[in-house]
Amino acid sequence: MTPRRALVIGGSLGGLVAAQLLRSTGWDAVVFERNDEELASRGVGLGTHPQLIAILKRAGVAFDATMGITPPRGVCLDRNGKIILEQPMARTLSGWSRLYRALLDVLPAGAYRLGKKLTRVVQDTDGVTAIFADGTSEPGDLLVGADGVRSTVRAQFLPDVQPGYAGYVAWRAVLDEADVPRDLWREMVELYAFCLPEGEQCISYPVPGRDNDTAVGRRAYNIVWYRPTDREALEDICTDAGGCYHANGIPPPLIRDEVIARVKADAEAILAPQVAAIFARTAPFFQPIYDLISPRLVFGRVALAGDAAFVARPHAGAGTTKAALDAACLADSLRAAGGDLGAGLAHYERMQEPFGRALVELNRQEGAYLSAQLKRKAERSAAELHRDIGAVLHAHIARSDQVGDLVAAHGLSALAGA
Ligand SMILES: Cc1cc2nc3c(=O)[nH]c(=O)nc-3n(C[C@H](O)[C@H](O)[C@H](O)COP(=O)(O)OP(=O)(O)OC[C@H]3O[C@@H](n4cnc5c(N)ncnc54)[C@H](O)[C@@H]3O)c2cc1C
């Protein structure tokens with residue numbers, strides 16, 4: 001019997017896991033990515049969860065010690081660089097490109113097609129067709145929209161569902177171990193470090209290096225700095241030197257020099273000197289933070305997955321874990337339903353819609369005090385104004401466990417083999 005064909009739109013982590021797991025359950029799954037070249041890494045770090053690691057294993061990726069770094073201490077550094085709070089922790093930090101490369105390596109040649117920008121989906125009772133910007137089309141039995149926060153697939157079926165700006169951006173920066181002054185590296189490689197200037201949150205930690213290397217001397221240091229930014233300021237920093245405004249995110253090389261100079265000056269003024277010294281040596285870029293909730297995930301033969309379906313703020317570092325859970329649930333639901341595609345997709349939606357919604361809410365809680373900074377002081381609650389540093393640190397570390405609790409509460413533990 002010819003295997004059923006799945007068209008997976010979007011060739012980032014969510015699409016790759018979905019394609020691989022569908023293939024492992026008998027589908028002929030092919031990924032279509034709009035970019036002409038394999039996706040470039042900005043070397044950014046990526047927090048993992050046990051569920052992600054388990055699902056990667058299901059997808060054929062052996063997650064071993066070379067895939068990540070586990071700093072043993074969670075600390076909060078004050079403005080002078082002194083440790084003012086400390087808590088043991090065991091979170092494995094990997095890198096986006098480390099996982100991308102590993103997933104790409106397990107897909108057979110020909111199952112990952114570049115330069116394929118989806119423009120439209122057409123479907124009837126017999127099948128679904130993906131129409132691409134290059135004038136070609138591809139037939140299939142199922143189409144998975146894993147095309148991210150600005151999903152073309154979602155826009156076609158849920159045109160009114162838009163990402164909501166959370167009121168803050170994440171400045172991100174990464175520096176090769178070799179470029180971090182030696183003493184500083186020795187100190188920081190041990191740490192998952194917070195700096196908490198009033199109303200802001202900066203987290204930094206070691207990650208695999210440029211060539212996805214975790215060997216000594218070849219790692220990197222990663223910084224994520226959440227900064228309240230109102231819409232006017234966001235518009236300003238999304239405008240390039242030629243005056244062009246990039247509404248859906250400015251490419252990092254186009255961020256104006258003066259914007260970079262300003263954020264580096266702010267780092268020096270308000271972050272711990274160790275973190276500011278690393279930040280000063282980087283080419284930082286930023287990502288606006290969004291929430292997105294899709295009320296439905298399935299439209300006939302079409303299913304949304306990963307960030308196309310829900311975007312949770314990144315505080316629990318669970319976006320990729322959620323994309324992997326979506327992929328595993330989709331593959332398992334379809335397998336359990338045998339030839340009944342409709343029943344399989346209905347089961348997928350029943351499981352993943354409430355989970356996605358709950359994950360968005362969990363991350364909103366941590367980001368609430370960052371969003372609140374844009375309100376007038378009188379509107380902010382005492383808790384938001386004087387948020388206790390210890391509470392932020394403990395809540396952040398606990399958030400990681402809460403992701404596992406949420407997975408269990410929504411009956412999804414079996415997807416990760418638990
Ligand atoms: C600041 C920040 C920090 C984060 N940190 C973490 C972390 O520590 N841990 C974690 O798990 N997650 C983290 N995330 C979230 C994580 O990046 C995503 O949730 C996760 O990678 C799932 O992405 P995805 O594959 O669904 O979508 P994306 O990665 O957005 O990929 C979508 C893909 O679809 C392609 N595409 C788009 N439109 C089309 C089209 N029309 N046709 C064809 N292809 C198309 C795009 O080019 C892209 O390759 C973070 C996010 C942010 C913003």
Side-chain angles (χ1 to χ4, degrees), residues 12-14 16-17 20 38-75 77 86-107 170 172-194 202-225 274-275 277-279 281-285 314 316-321 323-324 396-397 400 403-404 416:
S12 177
L13 301 182
L16 285 170
V17 187
Q20 188 58 16
E38 285 183 11
L39 304 183
S41 162
R42 292 177 203 144
V44 287
L46 193 109
T48 66
H49 292 268
Q51 295 78 11
L52 173 63
I53 293 171
I55 293 173
L56 286 172
K57 284 187 179 148
R58 274 188 63 181
V61 172
F63 196 102
D64 58 25
T66 67
M67 301 283 281
I69 298 176
T70 311
R73 299 157 69 201
V75 302
L77 301 171
E86 177 158 359
Q87 191 171 320
M89 61 174 289
R91 182 127 197 251
T92 299
L93 291 324
S94 187
W96 184 92
S97 66
R98 184 74 177 94
L99 302 190
Y100 174 72
R101 191 72 258 160
L103 283 162
L104 211 51
D105 286 348
V106 293
L107 262 193
R172 307 193 73 173
V174 69
L175 188 65
D176 290 345
E177 179 173 353
D179 296 327
V180 181
R182 196 169 286 241
D183 289 352
L184 207 51
W185 178 267
R186 264 201 292 273
E187 179 183 347
M188 299 303 283
V189 71
E190 287 283 305
L191 306 181
Y192 185 89
F194 276 80
C202 176
I203 308 172
S204 54
Y205 43 81
V207 292
R210 199 175 283 279
D211 299 319
N212 297 323
D213 214 329
T214 48
V216 173
R218 302 178 66 85
R219 297 162 291 183
Y221 202 76
N222 181 75
I223 298 173
V224 186
W225 182 10
Q274 304 93 313
V275 178
I278 295 174
F279 194 78
R281 290 168 165 82
T282 66
F285 64 96
T320 309
T321 301
H396 180 87
I397 292 176
S400 195
V403 171

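Remember, it's a predicted structure, so these values are computed and weren't measured experimentally. Note: hydrogens, waters and symmetry copies are ignored here, and every other heavy atom, side chains too, is used. The first residue of the sequence shown is numbered 1, and numbering continues consecutively from there.
The shortest non-hydrogen separation linking A416 to I55 is CA-CG1, 4.1 Å. When all heavy atoms of V207 and R219 are compared, the pair lying nearest together is O-CB, 3.6 Å. Between V174 and A220, the shortest heavy-atom distance links the atoms CG2-CB, 3.9 Å. A pairwise comparison of heavy atoms in P206 and I69 identifies CG-CG2, 3.8 Å as the closest pair. Shortest non-hydrogen contact noted between T321 and H49 is OG1-CD2, 3.3 Å. Between A324 and L52, the shortest heavy-atom contact is CB-CD1, 3.8 Å.
Within the 4.5 Å cutoff, no side-chain heavy atoms of S204 are placed close to those of F279. The side-chain heavy atoms of V180 and M188, taken from C-beta on, include no pair separated by under 4.5 Å. The side-chain heavy atoms of Q87 and R73, taken from C-beta on, include no pair separated by under 4.5 Å. Within the 4.5 Å cutoff, the side chain of T214 has heavy atoms near those of the P208 side chain. At least one side-chain heavy atom of V275 sits less than 4.5 Å from a side-chain heavy atom of C202. Here the side chains of P314 and V224 are not in contact, with every heavy-atom distance at 4.5 Å or above.
Looking only at distances, a side-chain donor or acceptor of E177 sits under 3.5 Å from a matching main-chain atom of G217. Counting only distance, with no hydrogens or angles, the side chain of N222 and the backbone of G45 share a donor-acceptor pair below 3.5 Å. With hydrogens and angles ignored, the 3.5 Å screen pairs a side-chain donor or acceptor of Y100 with a backbone N or O of L39. No donor-acceptor pair under 3.5 Å is formed between the side chain of T92 and the backbone N or O of T48. Judged purely by atom type and a 3.5 angstrom limit, T282 has no side-chain atom pairing as donor or acceptor with the backbone of L175.
Distance CG/L16 to CG/L107: 6.0 Å, rounded to 0.5 Å. Between the CG atom of L103 and the OG atom of S12 there is a distance of 9.5 Å, given to the nearest 0.5 Å. Separation of atoms CG (L191) and OH (Y205) is listed at 14.0 Å; rounding is to 0.5 Å. Once rounded to the nearest 0.5 Å, the distance linking CD1 of I53 with CZ of R58 reads 15.5 Å.
Using cut-offs of 30° and 60° on the angle between ring planes, the pair W185 and Y221 is perpendicular.
One side chain, R98 or T66, offers a donor N or O that lies under 3.5 Å from an acceptor on the other.
R186 is linked by a side chain to side chain contact (heavy atoms under 4.5 Å, CB included) to R182, D183, counting only residues two or more places apart in sequence or in another chain. In terms of the ring pair (Phe, Tyr, Trp, His ring centres under 6.0 Å) criterion, F63 has no residue partners (sequence neighbours excluded). Residues satisfying the side chain to side chain contact (heavy atoms under 4.5 Å, CB included) test with V106, not counting sequence neighbours, are Q20, V61.
Within 6.0 Å of CZ in R218 there are 12 or fewer heavy atoms belonging to other residues, nucleotides or ligands.
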